[in-house]
Amino acid sequence: MGYPAIPLTRSRFDTVRRSFWIGGAWRDPVAGRDGPGTAVLDPSGRGAVGRVPLGEAADVSAAVDAARAAFPVWAAADAGERRALLHAIAVGITNREADFARLISAEMGAPVDNALTTQTRLAAEVFTSYAEILDGHAWEERIGTSQVVQEPVGVVAAITPWNYPLYLIAAKVAAALAAGCTVVLKPSGDAPLNAFLLAEVIAEATAEVGAPGGVFNLISGSGRTVGAALVSAPGVDAVSFTGSTEAGRAVAAAAAGTVKGLGLELGGKSARVILADEPDGTEVTGLEEAVRAALADVFYNSGQTCTSCSRVLVPDGLYDEVVRLAVEEAAKWRLGDPALPGNHIGPIATSAQFDSVLTHIDQGTAQGARLVAGGRASCEDIPEGLVEGYWVLPTVFAEVTNDMAIAREEIFGPVVCLMRYRDEQEALWIANDSIYGLAGAVWCANHSRAERFARQIRAGLVTVNNGEFNVRAPTGGYKQSGVGRELGVHGLHHFLETKTIQW
């Protein structure tokens with residue numbers, strides 16, 4: 001299937017939003033159209049690319065009230081009506097995918113082809129997947145003398161981050177709408193522009209299929225004001241949050257006051273284990289490909305992927321060879337203008353995250369890890385005219401041990417930690433020796449050994465060799481990486497209540 005081409009360069013633009021999408025209309029903030037707002041900055045160094053309003057508690061109340069008013073109508077809609085809305089949203093995203101890609105690239109720094117494919121088309125695919133799931137979902141079952149029914153939980157607060165802004169919005173909003181819930185969305189303040197464009201798409205879709213206007217509501221603002229008000233609002237029945245583990249703890253504490261349903265996708269420090277072909281051997285079939293895949297997993301999206309496996313575990317007998325291959329592979333990755341397509345690395349998305357990544361790189365060196373590639377970028381490394389951007393070179397550390405900060409803390413940048421292990425038992429121990437359990441990966445030519453090892457990794461998503469991502473299968477974390485699952489039928493269940501009717 002062909003897709004329309006998008007321009008290879010981004011012209012200077014400034015997207016100013018002054019209103020929230022509430023109850024099926026653009027509604028001015030309580031502070032007025034000229035009230036407080038916040039600039040959206042291009043992390044590559046081009047300056048401000050937009051501005052959005054800052055909501056207050058009263059704006060949150062208005063959005064929640066609109067969602068509550070729409071809920072009875074939408075909850076009563078049949079699967080066909082819900083499917084029609086989800087399909088219309090998917091088509092709307094596809095029709096405006098070039099606009100979404102340019103916005104996402106500008107506001108969070110993803111190279112434009114990343115912003116088009118993974119960031120935008122994957123979001124449309126998520127909406128399509130939920131339209132298809134509704135075709136065969138069983139909403140009721142008979143168990144003896146009881147009828148067990150599934151019903152929508154109610155009003156959902158969706159709070160999303162900046163690293164995959166549109167896709168992560170889709171994972172929450174599509175599932176909630178499919179379940180018959182209404183939604184209030186608070187996007188990241190660092191990458192909110194795509195959410196306002198999505199509101200336009202959803203406005204057209206709701207009008208097309210006749211869905212109530214308040215089925216989807218959008219309000220921007222700070223986590224401390226808008227986020228806190230949403231999570232604690234009595235009119236919100238469930239919260240779906242993606243972000244850091246620290247922030248997730250605060251969300252959980254705030255939601256506990258009204259005992260809301262809670263879905264959390266939080267931090268990760270995932271391990272990728274390269275296994276020898278046989279337990280007593282040192283040969284790895286496809287070792288170069290294994291190293292290439294390991295680095296691409298971390299360098300893609302500038303390392304700002306929750307599920308990336310930044311701890312790469314290598315058999316001791318192959319360690320020096322893997323370090324050599326990793327250095328060669330890292331040299332193939334370059335910093336590049338995110339307005340251009342290509343296999344390059346864009347900037348870190350925010351100033352705070354940029355500082356955090358550099359701090360971790362300094363910690364790694366201070367604690368004895370050996371920096372073999374990358375690190376801080378010099379002016380010669382940075383794309384011409386973009387020296388004010390948040391640039392970090394694709395970085396590889398060798399001689400990393402699991403007690404180092406760079407092996408235990410989520411860096412969320414393009415930093416690979418190469419670690420030794422003596423045998424599979426030690427590899428498994430290292431992989432699971434973490435407070436996190438979001439993802440993992442195994443590379444092994446022996447499929448049965450790879451699967452056996454993957455089953456022992458304590459994580460919600462484990463990739464074997466170059467396994468393909470599947471939007472119909474659930475993702476989520478063990479341990480302090482989260483609560484609940486997103487995507488597929490399992491993601492739908494998070495937004496449903498189960499009722500038993502006795503006869």
Side-chain angles (χ1 to χ4, degrees), residues 3-10 13 40-46 49 93-94 96-126 160-171 187-188 190-195 197-198 242 292-310 329-330 332-350 353-354 357 377 382-383 386 389-395 412-416 439 463 466 468-471 475:
Y3 292 97
I6 63 174
L8 298 185
T9 59
R10 182 171 70 239
F13 60 90
V40 181
L41 301 178
D42 182 335
S44 67
R46 287 186 169 90
V49 294
I93 292 173
T94 300
R96 303 193 66 176
E97 63 177 17
D99 296 329
F100 277 111
R102 282 192 293 267
L103 273 181
I104 293 168
S105 178
E107 63 184 337
M108 61 76 59
V112 72
D113 46 357
N114 167 340
L116 179 64
T117 55
T118 305
Q119 301 272 3
T120 302
R121 289 178 181 162
L122 194 61
E125 188 179 348
V126 170
T160 55
W162 44 259
N163 59 321
Y164 288 91
L166 184 63
Y167 159 70
L168 290 169
I169 289 171
S188 164
D190 294 302
L193 299 176
N194 67 95
L197 182 56
L198 178 64
T242 298
R292 187 179 307 117
L295 268 61
D297 174 53
V298 181
F299 293 162
Y300 188 78
N301 207 44
S302 301
Q304 300 165 137
T305 302
C306 301
T307 55
S308 70
C309 298
S310 59
E329 186 63 28
K332 299 175 184 177
W333 288 77
R334 296 285 190 273
L335 302 179
D337 185 344
L340 300 175
N343 193 27
H344 55 252
I345 291 181
I348 301 298
T350 73
Q353 188 58 35
F354 174 67
V357 174
I382 297 171
L386 299 178
Y390 307 135
W391 302 98
V392 176
L393 289 170
T395 297
F412 223 55
V415 181
V416 174
T463 301
N466 283 325
E468 185 176 350
F469 185 69
N470 179 7
V471 298
T475 61

Are [X] and [Y] close enough that some pair of their side-chain heavy atoms sits under 4.5 Å apart?
X      : Y      : result
Thr118 : Tyr167 : no
Leu116 : Glu97  : yes
Ser188 : Pro165 : no
Ile348 : Pro414 : yes
Val415 : Val298 : no

Working to the nearest 0.5 Å, report the span between [atom1] of [X] and [atom2] of [Y].
X      : Y      : atom1 : atom2 : result
Thr463 : Glu468 : OG1   : CD    : 11.0 Å
Met108 : Asp42  : CE    : CG    : 11.0 Å
Thr395 : Ile345 : OG1   : CD1   : 8.0 Å
Arg121 : Leu166 : CZ    : CG    : 13.0 Å
Thr120 : Ile93  : OG1   : CD1   : 8.0 Å

Heavy-atom closest contact ([X] atom, [Y] atom, distance):
X      : Y      : value
Pro383 : Asp337 : CG-N, 3.7 Å
Val112 : Ala339 : CG1-O, 3.6 Å
Trp162 : Ala191 : CB-CB, 3.9 Å
Tyr300 : Asn114 : OH-CG, 3.3 Å
Pro43  : Gly109 : CG-N, 3.6 Å
Ala170 : Ala123 : CB-O, 3.7 Å

Expected output: side-chain [X] to main-chain [Y] donor-acceptor under 3.5 Å:
X      : Y      : result
Ser105 : Ala101 : no
Glu107 : Leu193 : yes
Ser308 : Ser310 : no
Ser302 : Gly346 : yes
Gln304 : Asn301 : yes
Trp391 : Leu386 : yes
Thr242 : Thr160 : no

Residue pair Asn163, Phe412: steps toward the side chain to side chain contact (heavy atoms under 4.5 Å, CB included) verdict: CA-CA 10 Å; Asn163 59 321; Phe412 223 55; 3.4 Å; yes

Verdict with supporting geometry, Tyr164 and Leu122, side chain to side chain contact (heavy atoms under 4.5 Å, CB included): CA-CA 10 Å; Tyr164 288 91; Leu122 194 61; over 6 Å; no

CA sep, side-chain torsions, deciding dist, call: Thr307, Thr475, side chain to side chain contact (heavy atoms under 4.5 Å, CB included): CA-CA 9 Å; Thr307 55; Thr475 61; 5.9 Å; no

Pair Asn194-Ile169, side chain to side chain contact (heavy atoms under 4.5 Å, CB included): steps then yes or no: CA-CA 10 Å; Asn194 67 95; Ile169 289 171; 3.8 Å; yes

